[in-house]
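For reference, the structure discussed in these notes is given below.
Because only heavy atoms are used, hydrogens play no part in the values below, and waters and symmetry mates are left out as well, while side chains stay in. Everything numeric in this text was worked out from a predicted model, so none of it was measured. Indexing begins at 1, ligand by ligand and atom by atom, following the structure's order.
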Amino acid sequence: MTLVGGIEAGGTKFVCAVGSGPDDVRAETRFPTTTPEETIGQAIDFFREQREQHGELVALGIAAFGPLDPDPASPTYGYITSTPKPGWTNVDFAGPLARALDLPVAFDTDVNGAALAEGRWGAAQGLDTFIYLTIGTGIGGGAMVGGSLLHGLLHPEMGHVRLPHDRQQDPYPGRCPYHGDCLEGLASGPAIAARWGQPAETLPVDHPAWALEAHYLALGLVNFIVTLSPQRIILGGGVMAQAQLFPLVRRRVLELLNGYVQSPRLLEAIDTYIVPPALGRRAGVLGALALARQAGPPA
Ligand code: ADP
Ligand code: ZN
């Protein structure tokens, strides 16, 4: 059994786990994200305790908020880079953990981790090219392309694609600190709350907010469909708890593509093309374990 450690590092909380997969999580803990010293220290303490109890770990996986540096050849590999989160700008995240625990560390975005986990154990099993998007406090996307997680220059920033924005229909200017009305600026949970003057989770299911949200999400997805050609799209994150969004997004995607992308996966099986994560809210922490298993010896 390949026992690994995983950290789902979010802007508000860390979730740390030890195990080998969804059916074998031996221990899990969560604590708020405070300063890097304190939060990384707590993670180190947790894994030290766990290996006393369960035996040696093979590797550690970190699936983190970003932007971050996932390039092992870079001098700042394992760093959180230009994040606006106070205290975390240009912080070495993987290094202190690797040294304190003396383990190989796999370091990637939370959404690339979630994509990997969904491919291994969830909604994208058997596929080699697919994307995982989270629609929450921010919007982020991870991508598996031809069987490898997509990094390239740094890593994808799918939440920041630019969309047509009809200011007559929707005067809300958007809230991305860098771009205003990019996808994240228009369609994140906080954008919904700011536009309508109440938290997204309190809007009734038949509120016009959801058709507009579906429209923006569909515009984003159409861009990803025509560039990456994903075989499936997984939509997670707090906002997608609004299950009525799925049929609205599917319909709008087909309208916007207007018959141009000819695949039965899209045209005949859209309900299985745009789907929620099969791992649900566990995709993040399981993503960290999946990353670790890639770093360690083959399972
Ligand atoms: P994070 O992105 O911080 O990791 P979440 O994915 O839970 O966390 O996203 C939080 C965002 O999702 C908040 O903006 C919140 O208003 C929104 N949200 C949470 N639950 C719901 C819900 N049931 N319906 C609509 N929006 C929700
Ligand atoms: Zn942006």
### Query
Of the non-hydrogen atoms in A106 and A292, which two are nearest, and what is the gap between them?
CB-N, 4.3 Å
### Task
Tell me whether the centres of the aromatic rings in Y172 and Y216 are closer together than 6.0 Å.
no
## Note on the structure
Ranked by distance from atom 24 (N) of ligand 1, the top protein heavy atom is Q242 NE2, 2.7 Å
### Query
For atom 3 (O) of ligand 1, which of L245, V205, I139, T137 has the closest heavy atom?
T137
### Query
Between W196 and H207, how do the two ring planes meet: parallel, tilted or perpendicular, split at 30° and 60°?
perpendicular
### Task
Distance to 0.1 Å, residue and atom name: give those for the protein heavy atom nearest to atom 9 (O) of ligand 1.
G136 CA, 3.2 Å
### Query
To the nearest 10°, what's the angle at the Zn ion (ligand 2) between atoms SG (C182) and ND1 (H160)?
110°
### Query
Just by modelled atom types, is the A123 backbone N or O under 3.5 Å from a matching donor or acceptor in the R232 side chain?
yes
### Residue G189 vicinity, atoms of ligand 1 by number, heavy atom under 4.0 Å
14 (O)
### Query
Which heavy atom of L248 sits nearest a heavy atom of A214, and at what distance?
CB-CB, 3.5 Å
### Message
Among all the protein's non-hydrogen atoms, which is closest to atom 23 (N) of ligand 1, and how far away is it?
### Response
A241 CB, 3.6 Å
### Query
Which heavy atom in G21 sits nearest to a heavy atom in W121, and how many Å separate them?
CA-CZ2, 3.8 Å
### Query
What part of P190 sits under 4.0 Å from ligand 1 if we count only heavy atoms: the side chain, the backbone, both or neither?
both
### Query
Are any of the N/O atoms in G238 less than 3.5 Å from those in ligand 1?
yes
### Task
Determine, using heavy atoms of V239 and all atoms of ligand 1, whether some pair is separated by less than 4.0 Å.
yes
### Query
Any idea which heavy atoms bring G142 and N112 closest together, and the distance?
CA-OD1, 3.3 Å
### Summary
For G237, the atoms of ligand 1 under 4.0 Å from one of its heavy atoms are 6 (O)
### Task
Work out the angle at the Zn ion (ligand 2) between SG of C176 and ND1 of H179, rounded to 10°.
100°
## Note on the structure
On a heavy-atom basis, the closest approach of T33 and K13 is OG1-N, 3.1 Å
### Query
Where is the nearest protein heavy atom to atom 16 (O) of ligand 1: which residue, which atom, and how far?
E201 OE1, 2.6 Å
### ligand 1 contact by R281, heavy-atom criterion under 4.0 angstrom
yes
### Message
Within the protein, is there a heavy atom lying under 4.0 Å from atom 18 (N) of ligand 1?
### Response
yes
### Summary
Result for side-chain contact (heavy atoms from CB on, under 4.5 Å) between M158 and one of N223, I139, I131 points to I131
